Structure formats: C-alpha cells, structure tokens
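Computed over heavy atoms, backbone and side chain alike; hydrogens, waters and symmetry mates excluded. Sequential numbering from 1 along the given sequence is applied to the chain's residues. We count ligands from 1, going down the list as the structure has it; atoms in each ligand are counted the same way. Predicted model only: the values in this text are computed from it and were never measured.
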Amino acid sequence: MPTPPGRLLTGHFQALWNDGPRTMLEGHRDHGDHVRFRFGPFSYVSLRDLEDVRKVLVTDAQRYTKSKVYTALKLLLGEGLVTSEGAMWQRQRKLSSPAFRPRAVASFTEAMGACTRDLGERWRGLGDGAELDVHDEMMRLTLRIVGMTLVSKDLEGEARAFGEALSTVLEYINDVGGNPLASILWIPTAKNRRTLAARDTLDAVIQGIIDERRRAGSGPGDLLDMLMAARDEDTGEGMDARQLRDELMTLVVAGHETTSNALSWTWYLLSQHPEHVQRLRAEVDEVLGDRLPTPEDLAKLEHTERVLKESMRVYPPVWAVEREPSEAVEVGGYRLPKGTMIGISPYVLHRDPQHWPDPERFDPDRFTPERSAGRPRYAYLPFGAGPRVCIGAGFALTEAKAILAMLVRRFDLERVPGQAVHMEPGITLRPKHGLRMRLRVRGAAQAQDLSSVA
Ligand code: HEM
C-alpha cells in the first residue's frame, strides 16, 4: 500500500501527533485512496474510498472492533456505549435507544431553548463588548442541556468544575492516544495526579446523580430511569453500580463535548462570513422571532441546518474513527492482517475534491437539496455510519439548531483581533486554547444612542 516517506524508526508518528488531520489529508492527496502510515512497527491504514468505508463501517461491521485508540478513552468512560463491544454493547444500545428516538428528542426542545435563553440573559448581563471564551461557554451550555434532558438534573452549579475536570482528563487521553505504554496512571507524576483527581471529580458528580435518584426511588422516566430499570432478558439482573456509572459518564461526555465543538467552530466560521449571519437572522426572524423554538420551528430552519452541516464538514468534531479487523480481511484489494489499525477520517472524506469542489471554502449551500442530489452517501460522515453510528445525531442537530438560532438573533460574536485560531485534534477536534470572542449585544448601540438623545 502506498506509504508516504517517514522517519526511519518512528515512521509518521511525529507528523500524525503534531497534525493528524493535515498529515492524513496530504497522504491521500499525494497517494490516493489507500495510504499506510507507520508508528514504529505498527501500521495505520487510512481509507478514503467510499466502498471501503461502507464495507468497514457498515456491511462487514461485525468483522471489526473499535481499535486500540479507544483504550485510552476507557480510562474515563469505562465500558459504556462508546467503548464496549459485542453482546454488552448490543444490550446497552437497545436499552438506550428509546431516549434518542425522534419523539423523545422533540420533547427535549423546550429544555434546550430554556437553557439557551438563560445563557442569553447572562450574556446580556456581561454587556456589550465583553470578551468571552466561546468554546467554554458552549461546553457549559451543552453540559447543562445534557443534564436537564437525560438525567433531569440542573448541572449549572457543577458545570464549571465538571468542565475543567473533563478538560484535564481529555487532555490526558488525547496525549496518550493509542499508546498503551503512556497510559500508566499509577506513576505519581504531577500530570497523573492531576488527571486522577479530575477523574474523581467527574465520578463524584456522576455518582451524586445516581445516588440522588436511588434515594428518590423513581424519577420522571428519563434516560437514567430507563438505565436503572433495565433488566437482562436472560438473568433478570439489572446493571451493577459500575456499569451504570460507565453508561452515564459516556452519555454525559459524548453528549456535550462534540456538540460544543460543532458550535464553537460554527461561531468561528460565521465570524468570517457575515453574509451567512445575515441569512441566518433573516430566517430566524421569519420563523421564530423571540419565542422559544418548538420542534416544528426547528424543522423550518433550513439555512440554519445547512450552516451547521457545512461547519461539521469543514471541522468534523470527530475527525477520525478507528477500527481493527478481528481476523485477516481484504480491503480495496489489500490484505490487512488481524489487528491492523484502520482509520476513516471525516476530515479527509469531507475534503475530497471529487465530492466537495473547492473543499476549503465555507459554503452552506452545498447542502441544498439540488446540490446534494447525487452526492454519495458516505462522502459526508460527521456522525459515523453503520451499527455504531452516533446514537445522539438527532439530539445534537436539534440542540445545535436551537442554540444557534436563538443566540445569533440577539448577539454578534466578533473575533478578538490578533487571535490565531488553530485546531487541536485529539479524539475530538477542538479549537486550541479555546475561542476568545467579543460579544456584541444586538440593538445595544442603538439603545445607547437613544438614551444619549434623551
Ligand atoms: C455534533 C455532535 C456529535 C458528533 C459530531 C458525534 C459524532 C459521533 C461519531 C462519529 C460516532 C461514531 C464513532 C465510531 O464509529 O467510532 C459517535 C458515537 C456515539 N455518540 Fe455521538 N456525536 C455527537 C453528539 C452526540 C450526542 C449529543 C450524544 C448523546 C447525547 C452522543 C452519543 C454517542 C454515543 C453513545 C456513541 C456511541 C454509539 C455506539 O457505539 O453505539 N453523540 N458520535
């Protein structure tokens, strides 16, 4: 398989470490649809051919497991839906699915709108010209929404501590990546101690939610109730404490980190494309005005949806998914031994000029029905595909639309001059060092003019 030139011993380790998305993109640009990278003695095979993508993720999915890269994630998520395999995964997926069906997601719209309205009030209180870390703001908002919708708990108080602890643990996970030697947490280095303390903070929040519900006896029929009531069909046993913790941690983490990245990149892109801000506002004014959105409103916000889709094309929050075959397989005419790491990168697929002309250009109209017609199914993959496709895709789109629509109407977010924004690709694709922006409260300037006249 074509292999770009790399270092003699470490191969492409450094290049992938420093900038994985770019390294993979350039590898495919120069070598075609199948590219082999090397980490020392290991191979990492990146696929861009859409037939191969379909085979690995969808039609032959049972021949693959998630790869070693997910091992580090288990430090935080244990054996939850994202990281588990086989019968356990199947059972948990079946059990969690009802909470993500379209009707359930529609019932969350009000809470999503209410949390966004609260954030808007807080922003207004900060005043015109205030400087914000928009990424931090989006993380806190999406965490609060996950809390309110999936476990009926307002995590507002915990949000900052939880967010900080989560950043510490994710930073660690991103650092160790797929390197099993690096994940030796018991060595008492300062970084390891900090990571373990942060994990304890996260555990305490999750355990607190579970204990509170146990004491209450029953809840409002939310996801947590479903998980607690679930019984194994054969043994009649419920989930033990550890399993419940892993599942809840998974949904809380997977359910807000990704969506907040999608929103942060959207604000960043919009700050460079005022014409789309105008179009968004025109649509929101017409459909929504000042009301909290209903599911019917959200269905009408077509340009808003296109902006979000295009933002996830340019900056896919999960920029690569990985698998490894549990037996030798043949892909694209190449034989891959059992255990080969296989990468499928939405970042790469979304920049394939064959399906996305002028791929670096932000152009939400790519997603109009006319221009989408004929585009192959797997050319766009922000939520993955096949049996392990994101369970929360509908939830995420509903939420992101509600948030974007409500905030864009009331605020402008301007880039702070001189701030360079870079990608930080780990398990997710985040803006490195956050995203500092200046808040402009719409109508504030006019209001000030009027008061000076008065
Ligand atoms: C813009 C937001 C989101 C993006 C881009 C995203 C992306 C993804 C992707 C690409 C996968 C597949 C990973 C793989 O195949 O290896 C995935 C899986 C998953 N996502 Fe999301 N996700 C988002 C939001 C959410 C939300 C809101 C939730 C829950 C509330 C969620 C929960 C999960 C879970 C539990 C899985 C594992 C599913 C399984 O393996 O059965 N995600 N997500």
Measure [X] to ligand 1 on non-hydrogen atoms and call it side chain, backbone, both or neither using the 4.0 Å cut-off.
{"X": "K66", "result": "side chain"}
{"X": "L81", "result": "both"}
{"X": "A254", "result": "both"}

Ring geometry between [Y] and [X] (parallel below 30°, tilted from 30 to 60°, perpendicular above 60°):
{"X": "H276", "Y": "H303", "answer": "parallel"}
{"X": "H12", "Y": "F37", "answer": "perpendicular"}
{"X": "Y334", "Y": "H34", "answer": "tilted"}

- Query: Any chance the rings of Y347 and Y315 have centres within less than 6.0 Å?
  - Reply: no
- Task: Tell me whether the centres of the aromatic rings in W356 and F362 are closer together than 6.0 Å.
- Result: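 Aromatic pair excluded; centres sit 6.0 Å or further apart.
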- Item | Greater than 12 external heavy atoms within 6.0 Å of Q243's CD | yes
- Any chance CZ of R291 has more than 12 other-residue heavy atoms, nucleotides or ligands included, within less than 6.0 Å?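 Yes, enclosed.
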- Has ligand 1 got any nitrogen or oxygen that is less than 3.5 angstrom from a nitrogen or oxygen of E322? no
- Indicate yes or no: does an N/O atom of R323 lie under 3.5 Å from an N/O atom of ligand 1? yes
For ligand 1, which atoms sit closer than 4.0 Å to a heavy atom of [X]?
{"X": "G384", "value": "10 (C)"}
{"X": "R93", "value": "38 (C), 39 (C), 41 (O)"}
{"X": "V321", "value": "13 (C), 14 (C), 15 (O), 16 (O)"}
{"X": "P382", "value": "5 (C), 7 (C), 10 (C)"}
{"X": "M312", "value": "1 (C)"}
{"X": "G392", "value": "26 (C), 27 (C), 28 (C), 31 (C)"}
{"X": "P317", "value": "5 (C)"}

State, with a plain yes or no, whether a side-chain heavy atom of [X] is found less than 4.5 Å away from one of [Y].
{"X": "L288", "Y": "L298", "value": "no"}
{"X": "W123", "Y": "L407", "value": "yes"}
{"X": "V329", "Y": "D60", "value": "no"}

Protein heavy-atom partner closest to [atom] - residue, atom, separation in Å:
{"atom": "atom 20 (N) of ligand 1", "answer": "C390 SG, 3.2 Å"}
{"atom": "atom 24 (C) of ligand 1", "answer": "T258 OG1, 3.3 Å"}
{"atom": "atom 36 (C) of ligand 1", "answer": "V82 CG2, 3.6 Å"}
{"atom": "atom 28 (C) of ligand 1", "answer": "G255 CA, 3.5 Å"}
{"atom": "atom 16 (O) of ligand 1", "answer": "Y70 OH, 2.7 Å"}
{"atom": "atom 12 (C) of ligand 1", "answer": "R388 O, 3.6 Å"}

- Item | Closest candidate by heavy atom, reference atom 30 (C) of ligand 1, pool Y64, F108, F100 |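 It is F100 that holds the nearest heavy atom.
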- The one among W89, F383, F395 that brings a heavy atom closest to atom 11 (C) of ligand 1: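 The option holding the nearest heavy atom is F383.
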- Salt-bridge present (R242, E79; N to O < 4.0 Å): no
- Just by modelled atom types, is the E237 backbone N or O under 3.5 Å from a matching donor or acceptor in the T235 side chain? yes
